[in-house]
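One structure is given below, encoded as structure tokens.
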Amino acid sequence: MTEFKLDKARLLRRSFFNRDPREVSPELLGKIILRRQGRKVLAGRIVEIEAYLGADDAAAHAAAGRTARNDVIFGPPGYAYVYFIYGVYYCLNISCMPEGDAGCVLIRALEPIAGIAAMAKARQMQDLDLKSSRNLQKLASGPGKLCEALDITRQHDNAKDMLSPDSDLQVVDDGFKTGNVTVTSRIGITKSAEMPLRYLIADSLFISGKQTGYRRKERGARGKQLNHNH
DNA sequence: TTATAGATTGCCT
DNA sequence: GGCAATCTATAAT
């Protein structure tokens, strides 16, 4: 588990997201999604991200052009794009690129670091032993799971500015440095499935998917280590 | 107006 | 590994 000090956390700058999602993704790993519920603070460190581009990316919601549903992706950077999938779950993205240009990053998995009991309750896991790492790994290790854990819905959170001091849904930096960033192809899509746009902290225990030794090994073998300076 | 696929998850065998 | 759950956008009638 990585440490987290709320008083050291600072909102990311707008310019951070005013770029291509492929540049944003590797740097966004290790940053924190913060949810305020009254006096309570729920937080998770980002350990897995996918980049979605514009017209050139058939898998992206933006590919078919601007609509009421995907409007946020074309808007200014740093805003939450929340969509409903399979009639069951919500997924959280953050808009990238200058206003008018499409691009976003899908937040795919979080390492829970604050408000864990509240997250467990939201996930209907309040009766489980939260000292068990196996159970902690189930809290937010997927795009649908993390939205449930942080109570993120389209109705309440779509088009919300995640860089505003007044927002109850923010992205912050507590100074944590990540290593071991790996890139693989994206999960669960059929179009443009070969593009290497999934970024993850390779040794994190909190990435999405079944937590079996086989899957872990396979993933590591297929992913490419990314060189980057921090 | 009706059909179908989808950036997922958890339960079933 | 298979598949149901169940809403939405978009394609096909």
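- Judged by the 6.0 Å and 45° rule, A:R186 forms a cation-pi pair with A:Y52.
- For A:D56, the CG atom is loosely surrounded, since the number of other residues' heavy atoms within 6.0 Å does not exceed 12.
- Of all the heavy atoms in A:V24 and A:C96, the pair that sits closest is CG2-SG, 4.0 Å.
- Separating the CG atom of A:L92 from the C1' atom of B:dA7 is a distance of 12 Å, rounded to the nearest angstrom.
- Here chain A contacts DNA chain C (any atom closer than 4.0 Å to a heavy atom, that is under 4.0 Å), and the contacts span C:dA5 to C:dT10 from 5' to 3'.
- For the pairing with A:S141, the side-chain hydrogen bond (donor to acceptor under 3.5 Å, both in side chains) check across A:Q137, A:K145, A:K138 returns one residue only, A:K145.
- Considering all non-hydrogen atoms of both residues, A:K40 and A:A118 come closest at NZ-CB, 4.3 Å.
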Review item, nucleotides 8-10 of chain B N/O atoms under 3.5 Å of protein N/O:
from: B:dT8; atom 1: OP1; to: A:R108; atom 2: NH1; distance (Å): 3.2
from: B:dT8; atom 1: OP2; to: A:G188; atom 2: O; distance (Å): 3.3
from: B:dT9; atom 1: OP1; to: A:P143; atom 2: N; distance (Å): 3.0
from: B:dT9; atom 1: OP1; to: A:G144; atom 2: N; distance (Å): 2.9
from: B:dT9; atom 1: OP1; to: A:K145; atom 2: N; distance (Å): 3.3
from: B:dT9; atom 1: O3'; to: A:Y89; atom 2: OH; distance (Å): 3.4
from: B:dG10; atom 1: OP1; to: A:R123; atom 2: NH1; distance (Å): 3.0
from: B:dG10; atom 1: OP1; to: A:R123; atom 2: NH2; distance (Å): 3.0

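- Although no hydrogens or angles enter the test, the distance criterion places a donor-acceptor pair under 3.5 Å between the side chain of A:R35 and the main chain of A:D151.
- One N or O on the side chain of A:R123 and one on the backbone of A:L139 form a donor-acceptor pair closer than 3.5 Å.
- For the segment residues 47-81 of chain A, the set of residues with a heavy atom within less than 4.0 Å of an atom of DNA chain C comprises A:T67, A:R69, in numerical order.
- A side-chain donor from one of A:N180 and A:Q225 sits under 3.5 Å from a side-chain acceptor of the other.
- The same ILVMFWY cluster, assembled from side-chain heavy atoms under 4.5 Å apart, contains both A:I207 and A:L146.
- In this model, the phosphate group of B:dG6 is approached by a side-chain N or O of A:T190 to a distance below 4.0 Å at OP1 or OP2.
- With hydrogens and angles disregarded, no donor-acceptor distance shorter than 3.5 Å links the side chain of A:R108 to the backbone of A:P143.
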*asked:* Could you spell out the base pairing of DNA chain B as a dot-bracket line? Use Watson-Crick and G-U wobble contacts where both distances are under 3.5 Å, [ ] for crossing pairs, | for partners on a different strand.
replied: ||||||.|||||.
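- Evaluation of the side-chain hydrogen bond (donor to acceptor under 3.5 Å, both in side chains) test over residues 68-83 of chain A, restricted to residues two or more places apart or in two chains, returns A:H61-A:Y81, A:R66-A:D71, A:T67-A:N70.
- Of all the heavy atoms in A:S95 and A:P76, the pair that sits closest is OG-O, 2.8 Å.
- Proximity of a side-chain donor or acceptor of A:D173 to a complementary backbone N or O of A:L12 within less than 3.5 Å is not detected.
- Side-chain contact between A:R36 and A:Q170: present, with at least one pair of heavy atoms (C-beta onward) separated by less than 4.5 Å.
- Distance check: A:I152 CD1 to A:Y90 OH gives 11.5 Å after rounding to the nearest 0.5 Å.
- Interface residues of residues 93-100 of chain A facing DNA chain B, ordered by number: A:N93; criterion, heavy-atom separation under 4.0 Å.
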